[in-house]
Amino acid sequence: MRREIDADFLANLFDRIAILLEIKGENPFKVNAYRRAAENLRRETRDIVELYKEGKLTEIPGVGKAIAQKITEILENGKLEFYDKLTAEIPERLLSLYEVPEMGPKRIKLVWEKLGIDSVEKLEKAALEGTLRSLPGFGPKIESKILEGIMALKERRLVSRYPLGEGWDLSRIIVNRLGEFEGVVFVSPAGSLRRMKETIGDLDILVAAENDTTNKIIKAFTDLEIVEEVLLSGPTKTSIRFKGGLQGDLRIVEPSRWGTALQYFTGSQQHNISLREIALKKNLSLSEYALTDKINNKEILCSSEEEVYEKLGMSWIPPEIREGTIEINLALEGKLPRLVEVGDIEGDLQMHSTWSDGKRSIKEMAEKAYALGRSYILITDHSQGLGIAGGLSIERLMDQWHEIDELNEIFEGKLVILKGAEVEVRTDGTLDYPDEVLERLDVVVAALHSNLRQDRGQLTERYIKAISHPLVHILAHPSGRLFGVREEANADWERIFKAAASSGTLLEINAHPSRLDLSEKKIRQAFNLGCKFVISTDAHDIHEQEYMFFGVAQARRAWLKRSDVANAQPLKSFLEQIKR
DNA sequence: GCCGTTTTCGGCCCGACTGTTTTCAGTCG
């Protein structure tokens, strides 16, 4: 059976084409065009086959006539003549060399043409025998770097991206430590961490400091006990590898250049390119150091990010949506929406107590919620079927209601504790409590924890059955993914989201850093199909209630506004909004 | 190969660092 052709398949193909064209020595702008098309295909939430049928492939940014034609050929014939011709000229197996650090298109072409090297094994052999250094531009240093790179590759030290939560904890340590250091004026995480991407490839830290202190700051950074090795170190830029494998980059700039530096270092790359193009149209050149007037060659320094955007004639853009897509034009027109903010969140609609697998009493959880400024919370201990998490029998659940009633009297309405449950959706799509019990809960949260690998069709029906149940208000952590443990469930998400939109069932954005579920892309897809959302922490301990900002960032990356998030409303409007 | 309130042709971001050089190419972000 032929493998399914979807946007990711096409994106991977165009990325491979880009590398092969690069090795061939093609026009770099053409190479870049394939990369941009690939990137935008990965972002696309609409179904590619549908777009093809409707003749709308060129609606995808970066996809013009030529690439649309190639997609069409693949969908119709299952193959691409252009690719066959290309790989007859530049063998596909050369792509494996591209994974080796220090090996770019020029060096791959050289070792292939001069030494017949077309595999990592042959490259390793040549490096070990010292024959690589005979090539122009190669020497002993590069040879050994390549060997180290191959080692890292074999030990799988290069491949992984890290969940945002891990990078976040690390960044706190570094920012706090460097912030105390003499001479440091500003310090901030940048890069994909500041943009709050779901996973980060490296950790970027930016420091503003006076010139004479930079050496000491670099040393303080590289001397941190969490640093494994220094990869490179110059006067303004240092790269290290943390214990555990994550790479970290430190950049130091003068305080007067903080704005352009923070903007540049936050990215994304595509966003930066767009900004620099806008600058050029205004006869300005933008770099991390300054805006430069191209006519008189004078620098315009920006000490804040807001100034950078202002001088380009745009409104400031939140880091979470800096992807070089529609945010650019909207900011130029001053039409960016106000995205949902942590301060908008009034209630937290999933948390656990010692009644099931939580670590704190309901009272402790409620006090923390009140301290965080919430006005309502929903207690969602597990239902009976999830024995592993101490699921509650119906009797125990009813006992819990007495405790909640008492606590509500104590809180006198300053915080309202709602009665809920995280009700298990059984393999056949039925719920783990009978309707008579569900009816007596304030809010019902349904969740799938087991058998997520069942047949795609059955799983989809199971989701839809749960979503369509008239007593279910919220579907918790819909895709079931757990970073590093479990992938998103394989189901027909378009059908599931349509069912949620039509029944009015709210989709949870689970803020826990191990989940961040729904993904950014699925939020956008669900939003476009008419769904509404809640953002919940799924806290099992008091400090985990602080993770709300992770979920809010996820929502912001998907462009959600306050009105799209049901728990960003006061209790009264929230209760009016939930169906029944 | 894509794209367009300065263009349907002629542009396409900008810099750090390293190793190999004798002024710069290659890789990386």
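No experiment lies behind these values; they were computed from the predicted model shown. Here is how names work: the chains are called A, B, and so on, in the same order as the sequence lines, proteins then strands, and each is numbered from 1.
Residue pairs meeting the ring pair (Phe, Tyr, Trp, His ring centres under 6.0 Å) criterion with at least one partner in residues 169-202 of chain A, sequence neighbours excluded, are A:Phe186-A:Trp258. Residue pairs meeting the salt bridge (charged side-chain N to carboxylate O under 4.0 Å, His left out) criterion with at least one member in residues 265-274 of chain A, sequence neighbours excluded, do not occur. Applying the side-chain hydrogen bond (donor to acceptor under 3.5 Å, both in side chains) test to every pair with at least one member in residues 82-91 of chain A, sequence neighbours left out, gives these pairs: A:Arg16-A:Tyr83, A:Lys79-A:Asp84, A:Tyr83-A:Glu92.
Taking only side-chain atoms of A:Arg276, from C-beta outward, the nucleotide of B:dA16, B:dC13, B:dG26 with the closest atom is B:dC13. Set against B:dG1, B:dC14, B:dC13, the side chain of A:Ala33 has B:dG1 as its closest nucleotide.
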Set out, line by line, the N/O atom pairs under 3.5 Å between protein and nucleotides 7-12 of chain B.
unit_1	atom_1	unit_2	atom_2	d
B:dC12	O3'	A:Glu277	OE2	3.4

Check: protein-nucleotides 20-22 of chain B nitrogen or oxygen pairs below 3.5 Å:
unit_1	atom_1	unit_2	atom_2	d
B:dT20	OP1	A:Gly139	N	2.8
B:dT20	OP1	A:Gly139	O	3.2
B:dT20	OP1	A:Pro140	N	3.2
B:dT20	OP1	A:Lys141	N	3.4

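Looking at which nucleotide of DNA chain B each of A:Phe82 and A:Thr236 is closest to, the 5′-most match is held by A:Phe82. Both A:Lys65 and A:Leu232 lie close to DNA chain B; mapped to their nearest nucleotides by heavy-atom distance, the more 5′-ward contact belongs to A:Lys65.
The distance from atom CD of A:Gln247 to atom P of B:dT27 is 17 Å, rounded to the nearest whole Å. Rounded to whole Å, the distance from CD on A:Glu102 to P on B:dC17 is 15 Å. In this structure, the CG atom of A:Asp204 is 16 Å from the P atom of B:dA16, given to the nearest Å. Following rounding to the nearest Å, A:Arg194 (CZ) and B:dG29 (P) show an atom-to-atom distance of 21 Å. The CG atom of A:Leu332 sits 13 Å away from the P atom of B:dG4 (whole-angstrom rounding). Per the geometry, CD1 belonging to A:Ile278 stands 16 Å off C1' belonging to B:dC14, to the nearest Å. Atom P of nucleotide B:dC28 and atom CG of A:Leu231 are separated by 13 Å, given to the nearest angstrom. Between the P atom of B:dC2 and the CD atom of A:Glu26 lies a distance of 13 Å, rounded to the nearest Å.
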- Would A:Leu206 and A:Asp204 count as a side-chain contact (heavy atoms from CB on, under 4.5 Å) if you check the C-alpha gap in whole Å, the side-chain angles of each, and the deciding distance to 0.1 Å? CA-CA 7 Å; A:Leu206 184 65; A:Asp204 301 313; over 6 Å; no
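Remark: the separation of the C1' atoms in B:dC2 and B:dT7 is 14 Å, to the nearest Å. Straight-line distance between the C1' atoms of B:dC24 and B:dG10: roughly 28 Å, to the nearest whole Å. For B:dT5 and B:dG1, the C1' atoms lie 24 Å apart once the distance is rounded to whole Å. Separation of the C1' atoms belonging to B:dG4 and B:dC14 is 23 Å when rounded to the nearest angstrom. Annotation: B:dT20 and B:dT27 have their C1' atoms spaced 14 Å apart (nearest Å). Comparing the C1' positions of B:dT6 and B:dG11 gives a spacing of 13 Å, expressed to the nearest Å.
No contact: A:Pro28 has no heavy atom under 4.0 Å from any strand. Here A:Lys70 lies in heavy-atom contact (under 4.0 Å) with sugar-phosphate atoms only. When heavy atoms are screened at a 4.0 angstrom cut-off, A:Ser239 is found touching no nucleic acid atom at all.
When the side-chain nitrogen and oxygen atoms of A:Lys237 are compared with OP1 and OP2 of B:dA16, none of them lie within a distance under 4.0 Å. The side chain of A:Tyr289 places an N or O atom within less than 4.0 Å of a non-bridging phosphate oxygen (OP1 or OP2) of B:dA16. A:Ser287 has no side-chain polar atom (N or O) that falls below the 4.0 Å cut-off from OP1 or OP2 of B:dC13.
Judged by distance alone, the side chains of A:Gln263 and A:Arg322 never bring a donor and an acceptor atom under 3.5 Å apart. With 3.5 Å as the limit, one finds a donor-acceptor pair spanning the side chains of A:Arg194 and A:Thr266. No side-chain donor from either of A:Glu76 and A:Thr72 sits under 3.5 Å from a side-chain acceptor of the other. With hydrogens and angles left out, the side-chain atoms of A:Gln554 and A:Glu198 include a donor and acceptor closer than 3.5 Å.
Shown here are the side chain to side chain contact (heavy atoms under 4.5 Å, CB included) partners of A:Glu488, two or more places apart in sequence or in another chain: A:Ser479, A:Arg481, A:Ser519, A:Lys522. Legend: residues meeting side-chain hydrogen bond (donor to acceptor under 3.5 Å, both in side chains) with A:Lys243, ordered by chain and number and at least two apart, are absent. Taking the side chain to side chain contact (heavy atoms under 4.5 Å, CB included) definition, one finds that A:Arg486 meets it with A:Leu452, A:Leu482, A:Arg515, sequence neighbours left out. In this structure, the side-chain hydrogen bond (donor to acceptor under 3.5 Å, both in side chains) partners of A:Ser514, at least two apart in sequence or on a different chain, are A:His512. When the side chain to side chain contact (heavy atoms under 4.5 Å, CB included) test is applied to A:Asp564, the partners found at least two apart in sequence or on another chain are A:Phe527, A:Lys532, A:Leu560, A:Lys561. Residues satisfying the side chain to side chain contact (heavy atoms under 4.5 Å, CB included) criterion with A:Tyr289, sequence neighbours excluded, are A:Thr236, A:Arg251, A:Arg257, A:Ser287.
Applying a 4.0 Å cut-off to non-hydrogen atoms, the residues of residues 34-44 of chain A that approach DNA chain B are A:Tyr34, listed by residue number.
Pairing of B:dG26, defined by two Watson-Crick or G-U wobble distances under 3.5 Å, is identified with B:dC17.
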